[in-house]
Amino acid sequence: MGFVHFIAVGVGILAHQGVFIRGEWHLRGPYVVLLHLTVLFVSVGLTGNLQTPLYHGALYLFGLFGSMVIYRIFFHRLRKFPGPTGAAVSKLWHVWKCRNSQNHLVLESLYKTYGQFVRTGPNEITIFHPAAYEAMDGAGNTNSRSEWYDIIHPRTSPIFSRKPQDHLERRQAWQHALSSKAINDYVPRIRKQVAALEDLIANAKSEPVVVNDIMQWFAHDSMGEFAFNENFGMMKSGAWHKIVAQQRAGLSLLGPMSTVIWLIRLGFALFPFAPGVKAWNAMIGFCDECMDKRLKTKVAEPDIASYFIQDIKKNAHKLNAAAQKNLLSGNAASVIIGGSDTAGPSLIIIFYLLALHPEYAEKVYEELRDLPAPYDIQTLSTLDVLNAVLNESMRVLPAALTTGTRITGPGGLHLDKTFIPPDTKISAPRYIISRMECAFDKPTEYIPERWYSRPELIKDKRAFSPFGVGRRACVGKNLGLTQIRLAVANLISKYRFRFAPGVHVASIEADMKDQMTAQMGRYSLIFEKR
Ligand code: HEM
């Protein structure tokens with residue numbers, strides 16, 4: 001090996017130790033690739049041959065990646081945390097493991113093998129502990145959201161804000177839009193959508209209906225209605241709106257790739273025509289379109305978008321035109337995805353678990369029988385069994401299975417006797433934590449009574465956090481719960497339901513995909529009038 005070859009390897013090592021080891025690179029990936037390609041092309045141009053620059057390039061990469069691997073395995077400050085060596089070397093290990101979009105199972109198996117604190121990436125610890133949510137987001141924490149939340153950058157919203165001050169400011173409009181008073185204003189529209197869901201089921205005349213479809217139609221039609229005053233009309237037509245179907249296709253990209261944001265951002269920039277990326281872009285374009293259309297419409301009753309528009313007007317002096325557009329667009333994406341693709345999956349899960357345990361549907365029915373219709377939303381929120389069914393369903397199968405990553409603050413994070421250093425990516429997967437033996441008795445069993453008559457079955461309530469905690473908790477929780485309670489109560493009061501013949505019940509949960517939210521295997525129910 002000659003001197004030039006040593007130089008090439010050395011430059012690679014220097015590039016890692018001097019440059020790439022510092023700071024965040026997920027938004028600069030395309031530039032890094034372009035820079036390297038430019039250097040290669042210029043070298044080919046200058047030397048007049050391809051082979052030598054390619055050879056030197058390979059030696060440079062050997063130095064770069066060799067340095068990364070050695071550093072991450074032997075010298076990294078997280079090296080003492082247990083976990084697979086592949087995960088310590090690169091997050092690509094995780095992408096490979098999630099190729100079937102079942103990150104919840106990958107993480108469950110890591111917990112069983114390595115324990116409560118697992119190194120799941122070069123600079124990442126996954127925490128399996130009932131107190132994880134409080135440690136991450138509870139009072140006094142100094143953590144921030146991880147680079148994952150740059151997924152729609154430069155668009156933004158509270159959920160996609162990483163700096164605490166930005167988050168605080170952007171959350172205000174949402175708090176007004178989703179306050180108790182505002183929810184009361186949306187209730188007639190929620191009832192209208194629940195009625196459309198009932199019509200859809202009545203029209204099926206005891207033939208099987210695909211629950212995965214109808215509940216997603218309900219959630220998206222509803223969000224269209226009270227976020228943008230627009231009816232997507234899926235329940236009426238009994239078919240997917242083309243773009244909403246694409247939204248699902250776009251989100252499915254997150255199944256294998258969600259754990260590695262730089263790879264997704266690179267894909268967005270370099271492969272815009274790849275099918276998943278095209279669907280993603282169509283989904284974001286659709287959210288923009290909904291907002292653009294809404295900006296040109298006058299509405300009689302305020303919808304969620306009204307609050308976003310007011311907020312932009314109020315802050316027009318602080319935000320330039322591009323920043324205003326990015327905020328409106330980010331808010332639109334957050335309300336469509338965050339509002340619909342959580343309530344829909346939660347309903348799909350609840351009806352699956354009730355069909356498995358019909359005795360609880362009957363108990364809810366008993367509880368509702370003497371209540372006057374239409375159901376009052378305050379009364380529904382106080383019913384023991386109905387709310388216990390919701391809680392237990394969200395505990396056993398939370399809609400947000402594994403999402404939610406943070407970066408530890410300047411003081412790091414202390415939990416039990418473990419210290420996680422500052423500037424480390426951390427996560428706490430709900431699917432595993434809400435089924436931990438140390439937090440719940442008979443953790444994998446569906447026992448709604450633990451939420452009202454048998455509290456002794458709950459050992460550590462901190463492990464239950466379907467909506468998150470603290471100042472970053474779900475701002476749409478009350479709206480989501482109101483929708484879900486009304487839909488569940490109205491359907492149970494009118495119908496008995498069971499799995500349709502031919503449904504392979506075991507595969508509904510086994511096939512569940514973790515694509516930002518839980519996507520259960522497809523199943524059909526037969527609804528029969530009481
Ligand atoms: C059953 C339904 C729902 C579930 C299970 C759910 C779950 C969650 C979770 C776990 C978070 C924390 C995410 C994180 O930090 O990464 C969150 C945040 C958020 N959710 Fe929900 N959500 C639901 C319904 C809704 C609805 C209906 C809306 C709006 C209409 C909404 C809007 C938001 C927003 C804006 C945030 C970010 C809050 C912030 O950072 O200040 N969610 N949700």
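Each ligand, and each atom within it, is numbered from 1 in the order the structure gives. Values below: every heavy atom of this structure, side chains too, minus hydrogens, waters and symmetry copies.
Aromatic ring orientation, Tyr431 versus His104: perpendicular (interplanar angle above 60°, classes split at 30° and 60°).
Between Lys477 and ligand 1 there is no heavy-atom distance shorter than 4.0 Å. Heavy atoms of Arg406 approach ligand 1 to within less than 4.0 angstrom. Note on ligand 1: Arg145 sits in its first shell, one or more heavy atoms being nearer than 4.0 Å. Using 4.0 Å as the threshold, Arg170 has no heavy atom nearer than that to any atom of ligand 1.
Salt-bridge check for Arg248 with Asp341: passed, with a basic side-chain N closer than 4.0 Å to an acidic carboxylate O. Using a 4.0 Å cut-off between charged side-chain N and carboxylate O, Lys363 and Glu449 make a salt bridge. Using a 4.0 Å cut-off between charged nitrogen and carboxylate oxygen, Glu124 and Arg119 do not count as a salt-bridge pair.
Ranking the protein heavy atoms by distance from atom 8 (C) of ligand 1 puts Cys474 CB, 3.6 Å first. When hydrogens are left out, the protein atom nearest atom 23 (C) of ligand 1 is Thr342 OG1, 3.3 Å; that is the closest non-hydrogen contact. Looking at atom 36 (C) of ligand 1, its nearest protein heavy atom turns out to be Ile159 CD1, 3.8 Å. Looking only at heavy atoms of the protein, atom 26 (C) of ligand 1 is closest to Gly339 CA, 3.5 Å. From the protein, the heavy atom lying nearest to atom 4 (C) of ligand 1 is Phe467 CE2, 3.4 Å. Among protein heavy atoms, the minimum distance from atom 34 (C) of ligand 1 is reached at Val475 CG1, 3.7 Å. Counting protein heavy atoms only, atom 12 (C) of ligand 1 is closest to Arg472 O, 4.0 Å.
Considering backbone and side-chain N/O atoms, Thr403 never comes within less than 3.5 Å of an N/O atom of ligand 1. Taking any N or O of Ser346, backbone or side chain, none lies under 3.5 Å from an N or O belonging to ligand 1. For a threshold of 3.5 Å applied to N or O pairs, the pair formed by Arg430 and ligand 1 contains no separation below that value.
Each of the atoms 38 (C), 39 (C), 41 (O) of ligand 1 lies under 4.0 Å from some heavy atom of Arg171. Near Trp174, with a cut-off below 4.0 Å to any heavy atom, the atoms of ligand 1 are 29 (C), 35 (C). Interface of Ile484 with ligand 1, defined as ligand atoms under 4.0 Å from a residue heavy atom, comprises 1 (C). In the vicinity of Gly404, heavy-atom distances shorter than 4.0 Å reach the ligand 1 atoms 16 (O). Ligand-side atoms of ligand 1 in range of Tyr149: 14 (C), 15 (O), 16 (O), range being under 4.0 angstrom from any heavy atom.
Note: His241 and Phe232 meet the aromatic proximity criterion, with ring centroids under 6.0 Å apart.
For the pair Ser334 (side chain) and Ser157 (backbone), a donor-acceptor distance under 3.5 Å is absent. For Asn212 (side chain) and Met520 (main-chain N/O), a donor-acceptor pair under 3.5 Å exists by modelled atom type.
Judged by distance alone, the side chains of Tyr111 and Gln116 never bring a donor and an acceptor atom under 3.5 Å apart. If you check the side chains of Tyr186 and Gln193, you find no donor sitting under 3.5 Å from an acceptor. Defined by atom type and a distance below 3.5 Å, a donor-acceptor pair is present between the side-chain atoms of Ser306 and Asp303. Side-chain atoms of Tyr446 and Arg395 form no donor-acceptor pair, as typed in the model, at a separation below 3.5 Å.
Partner Glu225 forms a salt bridge (Lys or Arg N to Asp or Glu O under 4.0 Å) with one of Arg294, Arg189, Lys192, Arg191 and no other, that one being Lys192.
Contact between Ile312 and Gln324 at its shortest, heavy atoms only, is CG2-OE1, 3.5 Å.
Of the candidates Gly344, Ala473, Pro466, the one placing a heavy atom closest to atom 10 (C) of ligand 1 is Pro466. Nearest to atom 25 (C) of ligand 1 by heavy atom, out of Gly480, Gly338, Pro398, is Gly338.
The proximity of Gln175 to ligand 1, defined as any non-hydrogen pair under 4.0 Å, does not occur for either the backbone or the side chain.
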